[in-house]
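A short write-up of the structure that comes next.
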Amino acid sequence: MVEIELDGKKVDIVEGSMIMHAADKAGTYIPHFCYHKKLSIAANCRMCLVDVEKAPKPMPACATPVTQGMIVRTKSDKAIKAQQSVMEFLLINHPLDCPICDQGGECQLQDLAVGYGGSSSRYEEEKRVVFHKDVGPLISMEEMSRCIHCTRCVRFGQEVAGVMELGMTQRGEHSEIETFLGDSVDSELSGNMIDICPVGALTSKPFRYSARTWELSRRKSVSPHDSTGANLIVQVKNNRVMRVVPLENEDVNECWIADRDRFSYEALNGPERLTQPMLKQGGQWQQVDWQTALEYVANGLKQIKADHGAQSIGTLVSPHSTLEELQLAKLLTHGLGSDNIDYRLRHAEFGAAEGVRWLGTSIASLSQLQRVLVIGSNLRKDHPLFAQRIRQSVRKGGALSVITAPELLTDADAWAIPIANASRVAADQWLDTLAELASAIAESTGAAAPVARNGAPGDAAKTLAASLLGGERKAILLGNAAAHHAQAGSLLALANWIGAQTGASVGYLTEAANTVGAQLVGAVPRNGGLDAGRMLAGGLKGALLLNCEPVFDSAAGAAAIEGLTHAQMVVTLSPFKANLEFSDVLLPIAPFTETPGSFVNAEGRVQGFHAVVKPQGEARPAWKVLRVLANLLGLPGFAFESTADVLADLDTPAQVAADRLSNATGARIDAAAPGAAAPVVASIYQLDSIVRRAPSLQLTADARRAAALSEGQEVLA
């Protein structure tokens with residue numbers, strides 16, 4: 001530790017730290033633009049100049065290392081005059097368009113100009129003009145004349161997103177931030193550049209000119225998409241979601257969110273919202289009131305139960321639904337006498353539930369791993385914020401190894417992370433590849449291999465084994481494709497053996513916002529009930545679909561239409577006009593912004609949230625719809641007055657008990673089993689019903705590439 005004097009106060013700080021770090025620790029604010037706590041030091045804005053005793057001139061606080069006994073003054077005349085001079089230079093070419101700038105009211109330059117800028121300018125020359133640039137559907141670069149060349153956006157792309165999509169060309173007053181060769185900005189984390197831009201050069205294209213920041217109410221929420229459980233601030237005007245930005249939580253999402261967390265809100269105000277209950281009569285959809293719709297459903301379910309038995313009724317639930325919704329869906333299904341409920345829509349193997357599958361470690365620890373093996377995932381697109389953390393661990397010297405399909409890792413740069421060992425093999429070879437790795441580890445440790453194989457392990461397996469046996473902090477992570485695999489149980493069993501031999505934690509990245517929660521609730525068939533695969537194959541006479549669209553959300557795909565057409569009644573509970581081909585009833589439920597609830601993320605963290613706006617039209621929170629439907633069916637035990645009552649009934653503590661989370665398995669490693677078909681994995685902007693309906697996200701390069709692949713078109717790199 002080093003002791004310095006900062007504005008008359010003694011501050012102890014780690015040797016090698018900068019003056020800016022010491023100021024942060026002491027609670028002293030030093031004005032700055034280019035410095036950001038999550039990015040490397042550039043020292044190119046010079047706004048943080050401070051007075052260091054015995055230094056001949058003011059020094060940049062962000063790039064001046066502390067030394068024992070250093071005396072720093074941040075508010076002396078020398079420091080203030082230096083900062084005012086820098087501000088004068090920054091404002092020479094900055095346009096006077098604050099009244100129409102989207103950054104107005106939350107602009108760092110605007111704020112600091114009040115304290116350090118002059119009341120008039122000494123410069124009379126014309127301001128420079130920078131030509132606008134089109135970099136895609138998410139980020140607006142229409143006013144690049146505002147740019148002060150702090151290079152935060154450049155460093156973010158290079159260091160956090162892993163792709164240097166922006167760079168600074170030219171020199172001096174001719175400097176410009178632009179893409180290479182006029183390309184678009186396609187990173188799945190690109191929206192964070194908007195947040196870290198200290199001026200109005202980079203703004204949100206979907207939000208552009210739609211509201212002023214001081215008109216917006218700010219309310220906390222949680223992302224309903226992937227299993228990170230990113231914390232959000234949802235900004236609202238006139239009962240309408242206008243913008244979504246990150247809420248900093250160092251243990252979960254740091255200060256970043258993925259683009260689908262940020263821009264998916266567009267779907268909530270879109271034309272496909274279902275705002276009135278609807279019945280299909282004579283092949284035509286008719287709007288009805290809630291009483292009519294719910295009585296129709298209740299009477300239909302009673303009739304189907306009387307004619308075909310309770311086991312002919314089943315419920316398919318989305319793992320993007322809240323804990324409370326899943327709990328009531330389970331209670332309703334069981335109350336009818338049926339054991340048919342399942343959240344595992346994209347799975348190909350439906351073994352008995354053994355434990356609550358989870359990440360196997362904390363999310364924060366991903367940034368500190370020294371060895372990582374990822375199996376069956378397109379990590380960067382499936383879990384952008386997890387990929388960002390693992391990218392940081394590799395930047396610190398960690399080694400990432402991969403076993404996945406060629407289409408999930410098209411080349412060494414596809415994940416924007418340096419990969420030490422990559423096995424790009426078809427899904428039906430993953431088990432054999434893992435078995436070969438286990439043999440190589442057994443050779444090194446002297447343990448008995450868990451699977452007998454013909455032949456010795458190859459060089460690639462030995463290299464990967466040596467990597468996993470090195471280092472201290474290690475993790476084996478099974479991705480979405482491994483969870484959906486037809487040999488998922490064997491893959492987990494082999495991963496557990498490898499983890500035990502190498503000292504690595506073993507866990508699932510988990511697909512959706514509430515995959516862990518769906519397991520905690522027990523939204524899986526019991527007593528021999530039908531799993532999702534059999535239900536979608538035509539095993540039901542009455543089907544309840546909670547927040548899911550089987551054509552897009554299940555392994556059955558388009559075949560689900562035929563399977564569900566055989567049912568006498570299909571009831572869809574959705575915020576959108578979905579499943580029109582085979583549904584008989586559409587019940588409008590509230591999306592995550594219009595209902596309270598809870599999600600459990602990959603590490604088992606329970607995160608509750610409140611509604612930030614009122615439900616649109618006649619939409620109602622799904623937990624209320626299920627409660628009323630159960631009452632109409634005459635089922636006992638549904639006297640819930642709030643989501644808190646449902647959560648209490650669930651018997652799930654505020655933080656999930658450790659003994660409920662387990663990746664242990666009794667599955668037998670069956671290396672002789674026939675090869676499995678490629679597992680179904682949703683692309684980044686097809687994961688759930690909200691992102692599928694977000695116009696700006698569907699215009700991105702990722703969405704267009706996925707659409708072209710689904711239509712069998714050739715995709716140019």
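Gln686 places no side-chain N or O within donor-acceptor distance of the main-chain N or O of Ala707, the cut-off being under 3.5 Å. Using modelled atom types, one side-chain atom of His320 and one backbone atom of Pro224 make a donor-acceptor pair closer than 3.5 Å. Between the side chain of Ser190 and the backbone N or O of Asp186 there is no donor-acceptor pair closer than 3.5 Å. Side-chain atoms of Asn239 do not come within 3.5 Å of backbone N or O of Val613 as any donor-acceptor pair. Not one N or O on the side chain of Glu178 forms a donor-acceptor pair closer than 3.5 Å with the backbone of Leu166. Distance alone, capped at 3.5 Å, places no donor-acceptor pair between the Arg152 side chain and the Cys197 backbone. A donor-acceptor contact shorter than 3.5 Å links the side chain of Asp688 to the backbone of Val691. Under a 3.5 Å cut-off, the side chain of Arg46 and the backbone N or O of Ala43 do form a donor-acceptor pair. Of the possible polar contacts, none joining the Arg128 side chain to the Asn93 backbone as a donor-acceptor pair under 3.5 Å is found. Panel note: side chain Asp111, backbone Gln108; no donor-acceptor pair is recorded below 3.5 Å.
Atom NZ of Lys220 sits in a sparse spot, with 12 or fewer heavy atoms from other residues, nucleotides or ligands closer than 6.0 Å. A 6.0 Å sphere centred on CZ of Phe89 holds no more than 12 heavy atoms belonging to other residues, nucleotides or ligands. Remark: Lys57 NZ is loosely packed, at most 12 non-hydrogen atoms of other residues, nucleotides or ligands lying under 6.0 Å away. Around atom CD of Glu15, no more than 12 heavy atoms belonging to other residues, nucleotides or ligands sit under 6.0 Å away.
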| said: I'd like to know whether Thr228 forms a side-chain hydrogen bond (donor to acceptor under 3.5 Å, both in side chains) with Asp226, so could you lay out the CA-CA distance, the side-chain angles of the two residues, the decisive distance to 0.1 Å, and finally the verdict. | reply: CA-CA 6 Å; Thr228 308; Asp226 64 38; 3.0 Å; yes

| said: With side-chain hydrogen bond (donor to acceptor under 3.5 Å, both in side chains) as the criterion, how do Gln392 and Ser367 come out once you've worked through the C-alpha distance, each side chain's angles and the decisive distance to 0.1 Å? | reply: CA-CA 6 Å; Gln392 303 314 312; Ser367 304; over 6 Å; no

| message | Test salt bridge (Lys or Arg N to Asp or Glu O under 4.0 Å) on Lys127 and Glu173; report intermediate values, then the result. | response | CA-CA 10 Å; Lys127 293 178 181 286; Glu173 71 168 5; over 6 Å; no

| field | Worked verdict on Ser227 versus Phe386 for side chain to side chain contact (heavy atoms under 4.5 Å, CB included) | value | CA-CA 9 Å; Ser227 60; Phe386 290 170; 3.6 Å; yes

| task | Report the C-alpha separation of Thr74 and Asp7 in whole Å, then their side-chain angles, then the decisive distance to 0.1 Å, and conclude whether the side-chain hydrogen bond (donor to acceptor under 3.5 Å, both in side chains) test is met. | result | CA-CA 7 Å; Thr74 68; Asp7 291 339; 2.5 Å; yes

| message | Before you tell me yes or no, could you show the steps for Gln84 and Glu88 under side-chain hydrogen bond (donor to acceptor under 3.5 Å, both in side chains), namely the whole-Å CA-CA distance, both residues' side-chain angles and the distance that decides it to 0.1 Å? | response | CA-CA 6 Å; Gln84 289 174 337; Glu88 184 176 23; over 6 Å; no

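With respect to Asp51, the side-chain contact (heavy atoms from CB on, under 4.5 Å) criterion is satisfied by exactly one of Met59, Lys75, Arg73: Arg73.
The existence of a salt bridge linking Arg262 and Glu188 is excluded, since no basic side-chain nitrogen approaches an acidic carboxylate oxygen closer than 4.0 Å. Using a 4.0 Å cut-off between a side-chain N of Lys or Arg and a carboxylate O of Asp or Glu, Glu143 and Arg146 qualify as a salt bridge. The pair Glu272-Arg693 meets the salt-bridge criterion, with a side-chain N (NZ, NE, NH1 or NH2) lying under 4.0 Å from an Asp/Glu carboxylate O. Salt bridge absent: Lys205 and Glu142 never bring a charged side-chain N and a carboxylate O closer than 4.0 Å. A salt bridge is defined here as a Lys NZ or Arg NE, NH1 or NH2 lying under 4.0 Å from an Asp or Glu carboxylate O, and Lys25 with Asp12 fails to meet this definition. The pair Glu594-Lys614 does not count as a salt bridge, with every side-chain nitrogen at least 4.0 angstrom from each carboxylate oxygen. A salt bridge links Lys133 with Glu176: at least one charged nitrogen is closer than 4.0 Å to a carboxylate oxygen. Taking a cutoff of 4.0 Å between a charged side-chain nitrogen and a carboxylate oxygen, Asp102 and Arg208 do not qualify as a salt bridge. Remark: Lys38 engages Glu250 in a salt bridge, criterion side-chain N to carboxylate O under 4.0 Å.
Proximity of Tyr685 to Asp259: side-chain heavy atoms (C-beta onward) are separated by under 4.5 Å at one or more points. Residues Glu266 and Val241 form no side-chain contact, since every pair of their non-hydrogen atoms from C-beta on lies 4.5 Å or further apart. Here the side chains of Tyr209 and Ile100 are in contact, with some heavy-atom distance below 4.5 Å. Side-chain contact check for Ser689 versus Phe552: every heavy-atom pair is 4.5 Å or farther apart. Counting heavy atoms from C-beta on, the side chains of Met242 and Val236 never come closer than 4.5 Å. Side-chain contact between Val154 and Met164 is present, with at least one heavy-atom pair separated by less than 4.5 Å. Annotation: side chain of Pro95 is not in contact with side chain of Val129 (no heavy-atom distance under 4.5 Å). Here the side chains of Pro58 and Val50 are not in contact, with every heavy-atom distance at 4.5 Å or above.
Of all non-hydrogen atoms in Leu6 and Ala23, the two that sit nearest each other are CD2-CA, 3.6 Å. Nearest heavy-atom pair across Ala267 and Ile690 is CB-O, 3.2 Å. Heavy atoms only, all atoms of each residue included: Cys107 and Val199 are closest at SG-CA, 4.0 Å. Between Asn253 and Leu247, the closest heavy-atom pair is ND2-O, 3.4 Å. Between Met20 and Cys62, the closest heavy-atom pair is CB-CA, 3.8 Å. What you find for Gln616 and Asn269 is that their closest heavy atoms are NE2-OD1, 3.5 Å.
When only modelled atom types and interatomic distance are considered, Ser40 and Glu159 share a side-chain donor-acceptor pair under 3.5 Å. When only modelled atom types and interatomic distance are considered, Arg155 and Thr151 share a side-chain donor-acceptor pair under 3.5 Å. A donor atom on one side chain and an acceptor atom on the other are not found under 3.5 Å apart for Thr275 and Glu618.
Aromatic pair His32/Tyr29: centroids less than 6.0 angstrom apart.
For the pair Arg243 and Tyr265, the cation-pi criterion (under 6.0 Å, within 45° of the ring axis) is not fulfilled.
We find the OH-CD1 distance between Tyr123 and Ile92 to be 4.0 Å, quoted to the nearest 0.5 Å. Here the CG atom belonging to Leu709 is positioned 12.5 Å from the CZ atom belonging to Arg704, to the nearest 0.5 angstrom. To the nearest 0.5 Å, the span separating OG on Ser145 from CZ on Phe131 amounts to 11.0 Å. Here Asn249 contributes atom CG and Gln607 contributes atom CD; the two are 6.5 Å apart, rounded to the nearest 0.5 Å. Put simply, SG on Cys255 and NE2 on His36 are 4.5 Å apart, with the number rounded to the nearest 0.5 Å. The CG atom of Asp261 lies 14.0 Å from the CH2 atom of Trp256; values are rounded to the nearest 0.5 Å.
Using a 30° and 60° split on the angle between ring planes, His225 and Phe592 fall in the perpendicular class, above 60°.
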